Amino acid sequence: MLPSSFYQKTDVIYLAKKLLGKAIYTNINNELTAGIIVETESYRGVNDKASHAYNNKRTKKNEAMYLEGGNIYVYICYGIHHLLNVVTNKKDIPHAILIRAIEPTIGIDVMLKRRNKKKENYSLTAGPGSLTQALGISILHNMKSLNDKEIWIEDVNNEIEEYNIIKSPRVGVSYAKEDALLPWRFRIKDNPWTSKAI
DNA sequence: CCAGGGATGGACT
DNA sequence: GTCCATCCCTGGT
């Protein structure tokens, strides 16, 4: 389990790249599942027009972003999809990292059941709404800690070098004007489990 | 009070 | 490629 100090570092761009290659685990309803994080996006708080916390926006929905690093921000997108963010930085600095895809490693049978699929393929966990469903993560986990027995992240000695990280603009944030072009989406090069979004 | 809309994914042509 | 399901917070009336 990563220490809280990891998440409380101040550079959310650095941390989004550092999360690549790490393993995220859930143990929900006594069912263990896990995968390697292969795609992330950074959201850099009050000055980032794509962030839910832009301009110090603070509501019941995004309150989790203002917790200290190492907590979880889950919100529902389009009324259907539960999207998982790792909160970073100090308390009251609302930085977050969206987990966009994982490569499944443990509990694939459980993931198939949760996703209502018969056969494993790349659509099992590629995409932010898909991986939360596979891992059993929902809005119920909003504001919970990653230093916990239900959801946690581990270093599995799988460091991703800078030259193996693809950087591109974030997905679905065209409303963010000039900030929409920032290359803050990170993917492991040549990994087939990343999301298919352009 | 209520219409609008979003860090998407899946079904279908 | 196109369409659209469906939640709930937000902001304008």
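Lettering of chains follows the sequences in order, A, B, ..., and the numbering in each one begins at 1. In this text, all values refer to a predicted model and were calculated from it rather than measured experimentally.
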TODO: Compare side-chain N and O positions of Arg115(A) against OP1 and OP2 of dG10(B) and report whether any pair is under 4.0 Å apart.
DONE: yes

Find the distance [X]:[atom1] to [N]:[atom2] and express it as a whole number of Å.
X: Glu39(A); N: dT8(B); atom1: CD; atom2: C1'; result: 13 Å
X: Leu98(A); N: dA7(B); atom1: CG; atom2: C1'; result: 5 Å
X: Ile99(A); N: dT8(B); atom1: CD1; atom2: P; result: 15 Å
X: His82(A); N: dT8(B); atom1: NE2; atom2: C1'; result: 12 Å
X: Arg100(A); N: dG9(B); atom1: CZ; atom2: C1'; result: 11 Å
X: Leu131(A); N: dG10(B); atom1: CG; atom2: P; result: 12 Å
X: Arg185(A); N: dT8(B); atom1: CZ; atom2: P; result: 10 Å
X: Lys117(A); N: dG9(B); atom1: NZ; atom2: P; result: 11 Å

Within the sub-3.5 Å range, which N or O atoms of nucleotides 7-9 of chain C have a protein N or O partner, and how far apart are they?
| residue | atom | partner | partner atom | Å |
| --- | --- | --- | --- | --- |
| dC7(C) | O4' | Gly79(A) | O | 2.9 |

Open item on the list: Need to verify one output field. Residue with the more 5' nearest nucleotide on DNA chain B, Ser123(A) or Asn85(A)?
Closed with: Asn85(A)

Task: Upstream residue (5' side of DNA chain C) when Arg58(A) and His81(A) are each assigned their closest nucleotide - done: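 It is His81(A), whose closest nucleotide lies nearer the 5' terminus.
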
Open item on the list: My understanding is that a hydrophobic cluster links ILVMFWY residues whose side chain heavy atoms are under 4.5 Å apart, including indirect links. Using that, what else belongs to the cluster containing Leu67(A)?
Closed with: Met143(A)

TODO: Look at all strands and tell whether Ser130(A) reaches a base, only sugar-phosphate, or nothing, counting heavy atoms closer than 4.0 Å.
DONE: sugar-phosphate

- [ ] Look at all strands and tell whether Ala197(A) reaches a base, only sugar-phosphate, or nothing, counting heavy atoms closer than 4.0 Å.
- [x] nothing

TODO: Can you tell me, in whole Å, how much space there is between the P of dC2(B) and that of dT6(C)?
DONE: 22 Å

Task: C1'-based separation of dG10(B) from dC8(C) [nearest Å] - done: 22 Å

Task: Complementary nucleotide for dG6(B) - Watson-Crick or wobble, under 3.5 Å - done: dC7(C)

Open item on the list: Is it the case that the side chain of Lys22(A) and the backbone of Lys18(A) share a donor-acceptor pair, with hydrogens and angles ignored and the cut-off at 3.5 Å?
Closed with: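 A pair under 3.5 Å: yes.
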
Open item on the list: Closer than 3.5 angstrom, by distance alone: can the side chain of Arg100(A) be matched with the main-chain N or O of Pro128(A) as a donor-acceptor pair?
Closed with: no

Task: Over 12 foreign heavy atoms within 6.0 Å of CG, Asn29(A) - done: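 Count not over threshold, so no.
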
TODO: Pick out which of Ile37(A), Ile188(A), Ile36(A), Leu20(A) makes a side-chain contact (heavy atoms from CB on, under 4.5 Å) with Asn158(A).
DONE: Ile36(A)

Open item on the list: Would Arg170(A) pass as a cation-pi partner of Tyr43(A), given that its NZ or CZ must be under 6.0 Å from the six-membered ring centre and within 45 degrees of the axis?
Closed with: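 Verdict for Tyr43(A): a cation-pi partner in Arg170(A).
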
TODO: Scan residues 139-181 of chain A for pairs that pass ring pair (Phe, Tyr, Trp, His ring centres under 6.0 Å), counting only residues two or more places apart or in two chains.
DONE: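 Of all non-adjacent pairs touching residues 139-181 of chain A, those that pass ring pair (Phe, Tyr, Trp, His ring centres under 6.0 Å) are Tyr25(A)-Trp152(A).
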
TODO: Would you indicate which nucleotide in dA7(B), dT8(B), dT10(C) comes nearest to any side-chain atom of Lys57(A)?
DONE: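 Nearest listed nucleotide: dT10(C).
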
